[in-house]
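Sequence lines set the chain letters: A, B, ... in the order given, protein chains first and strands last, and positions in each chain run from 1. Atom set for the values below is all heavy atoms of this structure, side chains included, hydrogens, waters and symmetry mates excluded.
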Amino acid sequence: METTGAPAPPRSELSAALNAWFELSARELPWRAPDTTAWGVLVSEFMSQQTQVERVIPHWLEWMERWPTPSALAAAEPGEAVRAWKRLGYPRRALWLHRAAVEIAERHGDKVPADVDALLALTGIGPYTARAVAVFAFGDTHPVVDTNTRRVIARAVQGRAAAGMPAARDLTDMAALLPSDRAAAATFNAAAMELGAIVCTARAPRCDACPIANICEWRGAGYPDNAPEKRPKQAAFEGSDRQARGKIMELLRSADAPVAVADAVAAARAGRRPRGAPDPAQPRRAYDSLVADGLLVEFEGLVRLP
DNA sequence: AAACCGGGGCG
DNA sequence: CGCCCAGGTTT
């Protein structure tokens with residue numbers, strides 16, 4: 001790590017300031033309540049993958065009332081999980097969460113495993129979610145690094161405008177910042193995420209409200225390299241296969257009986273206004289991909305949720 | 001490493 | 001309208 005100018009403040013100063021701020025300013029998310037189960041934490045992490053937390057809250061409350069344990073969800077049809085997912089997006093997550101519930105019920109005695117490797121073996125759980133559950137549900141002391149934390153580390157520690165270092169580097173930097181105390185480590189992981197979500201935001205950081213502005217390397221250096229991180233430009237949603245898939249899923253979620261395959265394929269065309277010439281193969285392609293994903297089950301010319 | 005996977009909110 | 005979001009899986 002290159003260090004120029006005055007020596008950086010001790011790590012403990014950063015974590016102490018962030019944790020103190022978190023205790024005062026953290027959002028009161030329902031899964032942060034003291035009585036939340038490990039299952040509740042896991043569900044919140046699944047729902048929060050690429051979806052803003054505020055939009056997750058009502059879905060989480062409904063989900064936990066209906067399926068308070070992994071075995072409760074495992075006993076339901078997968079399609080019911082997809083239906084309850086509503087418009088959260090990425091419906092594969094609903095399917096994967098159901099599969100994870102089955103795996104927990106069958107292999108782990110209906111108890112969410114605390115071990116990172118066991119968590120990684122569950123469907124739909126990757127490096128981030130495994131660490132998040134281990135830390136927030138079981139008080140483990142691993143670094144939890146999501147997109148918010150990466151940005152906070154990039155700015156406060158690395159003096160960069162945006163995350164751009166390899167993810168392993170951010171993990172190492174976060175590990176070096178973690179307090180040794182178990183509870184403080186979990187709080188710090190949550191605090192770094194929280195800061196990135198509501199203060200140290202990507203678009204317009206609110207440095208006037210930041211508890212570590214005085215020790216932020218990026219601010220101290222005069223906000224250099226203030227350019228967005230290079231990321232592959234996501235294709236337009238309007239007219240995309242993703243939108244076509246969404247239309248089909250919307251039809252199937254609202255249907256209380258199987259629908260004709262032809263109607264499902266036709267749904268992909270509804271309400272679409274592509275800029276150029278429409279792709280005549282898109283509706284069928286979207287439908288087939290949903291079947292391949294296991295989100296649709298076809299039988300006798302009809303189709304239904306799994 | 002890159003592509004793919006929804007949908008909504010915000011500047 | 002462009003960018004971003006408590007990522008993960010597949011190729």
| task | Please work out if A:Trp85 contacts a base, only the sugar-phosphate, or nothing of the nucleic acid, heavy-atom cut-off 4.0 Å. | result | nothing
| Can you check the A:Leu295 CG to B:dG6 C1' distance for me, whole Å? | 12 Å
| So what does A:Arg32 hit on the nucleic acid, given a heavy-atom distance under 4.0 Å: a base, only sugar-phosphate, or nothing? | base
| query | Can you name the nearest heavy-atom pair linking A:Pro283 to A:Ile248, along with the distance? | reply | O-CD1, 4.3 Å
| message | Just N and O in the side chain of A:Arg151: are any of them under 4.0 Å from OP1 or OP2 of C:dC5? | response | yes
| query | Just checking A:Gly89: base, sugar-phosphate only, or nothing, at a heavy-atom cut-off of under 4.0 Å? | reply | base
| request: Rounded to the nearest angstrom, tell me the gap between atom CZ in A:Arg285 and atom C1' in B:dC5. | output: 14 Å
| message | Whole angstroms only, please: what is the CG-P distance between A:Asp293 and B:dC4? | response | 14 Å
| remark: Rounded to whole Å, the CD-C1' distance (A:Gln49 to C:dC4) equals 17 Å
| Quick one: does A:Arg55 reach the base of C:dA6 with a side-chain donor-acceptor pair under 3.5 Å? | no
| task | Using heavy atoms to find the nearest nucleotide of DNA chain B for A:Tyr90 and A:Ala204 separately, return the residue whose nucleotide is more 5′. | result | A:Tyr90
| request: State, to 0.1 Å, how close A:Asn19 and A:Ala191 come at their nearest heavy-atom pair, and which atoms those are. | output: OD1-CB, 3.9 Å
| task | Indicate whether OP1 or OP2 belonging to C:dC5 is found under 4.0 Å from a side-chain N or O atom of A:Gln52. | result | no
| When we call it a touch if two heavy atoms are under 4.0 Å apart, what does A:Ala202 touch: a base, just sugar-phosphate, or nothing? | sugar-phosphate
| Distance between the P atoms of C:dA6 and B:dC4, in whole angstroms? | 24 Å
| Does the B:dG7 base have a donor-acceptor partner in the side chain of A:Thr51 within less than 3.5 Å? | no
| query | In terms of the nearest nucleotide of DNA chain C, which residue is placed more toward the 5' end: A:Ile125 or A:Arg27? | reply | A:Arg27
| field | Closest to side chain of A:Trp96, choosing from C:dT9, C:dA6, C:dG7 | value | C:dT9
| query | Any donor-acceptor pair under 3.5 Å between the side chain of A:Arg203 and the base of C:dC4? | reply | no
| message | Salt bridge or not between A:Arg169 and A:Asp173? Use side-chain N to carboxylate O under 4.0 Å. | response | yes
| field | Closest to side chain of A:Arg245, choosing from C:dG7, B:dG8, B:dG6 | value | B:dG6
| said: Whole angstroms only, please: what is the CG-C1' distance between A:Leu95 and B:dG6? | reply: 15 Å
| message | Mind checking if A:Leu88 touches a base, just sugar-phosphate, or nothing, with heavy atoms under 4.0 Å? | response | base
| field | Residues A:Lys86 and A:Glu62 bridged, charged N to O under 4.0 Å | value | yes
| query | Can you find a donor-acceptor pair, distance only, under 3.5 Å between A:Glu54 side chain and B:dG8 base? | reply | no
| Which is true for A:Arg87 with a 4.0 Å heavy-atom rule: it touches a base, it touches only sugar-phosphate, or it touches nothing? | sugar-phosphate
| query | Counting any heavy atom closer than 4.0 Å, what does A:Thr129 reach on the DNA or RNA strands: base, sugar-phosphate only, or nothing? | reply | sugar-phosphate
| field | Nearest non-hydrogen partners of A:Ala161 and A:Arg155, listed with the distance | value | O-NE, 2.8 Å
| Distance between P atoms of B:dG6 and C:dT11 (Å, rounded) | 15 Å
| Got a salt bridge between A:Arg253 and A:Glu250, using NZ or NE/NH1/NH2 to carboxylate O under 4.0 Å? | no
| note | Whole-Å distance, A:Ile57 CD1 to B:dG8 P, equals 17 Å
| Say you pick atom P in C:dG8 and the same atom in B:dG8; how far apart are they, in whole Å? | 23 Å
| Starting at CG of A:Leu120 and ending at C1' of C:dG7, how long is that distance when rounded to a whole Å? | 13 Å
| field | Sugar-phosphate only, base, or nothing, as touched by A:Leu29 at under 4.0 Å among non-hydrogen atoms | value | base
| Nucleotide B:dC5, atom C1' - distance to CD of A:Gln282 in whole Å | 14 Å
| Between A:His142 and A:Asn189, which heavy-atom pair has the shortest distance, and what is it? | O-ND2, 2.9 Å
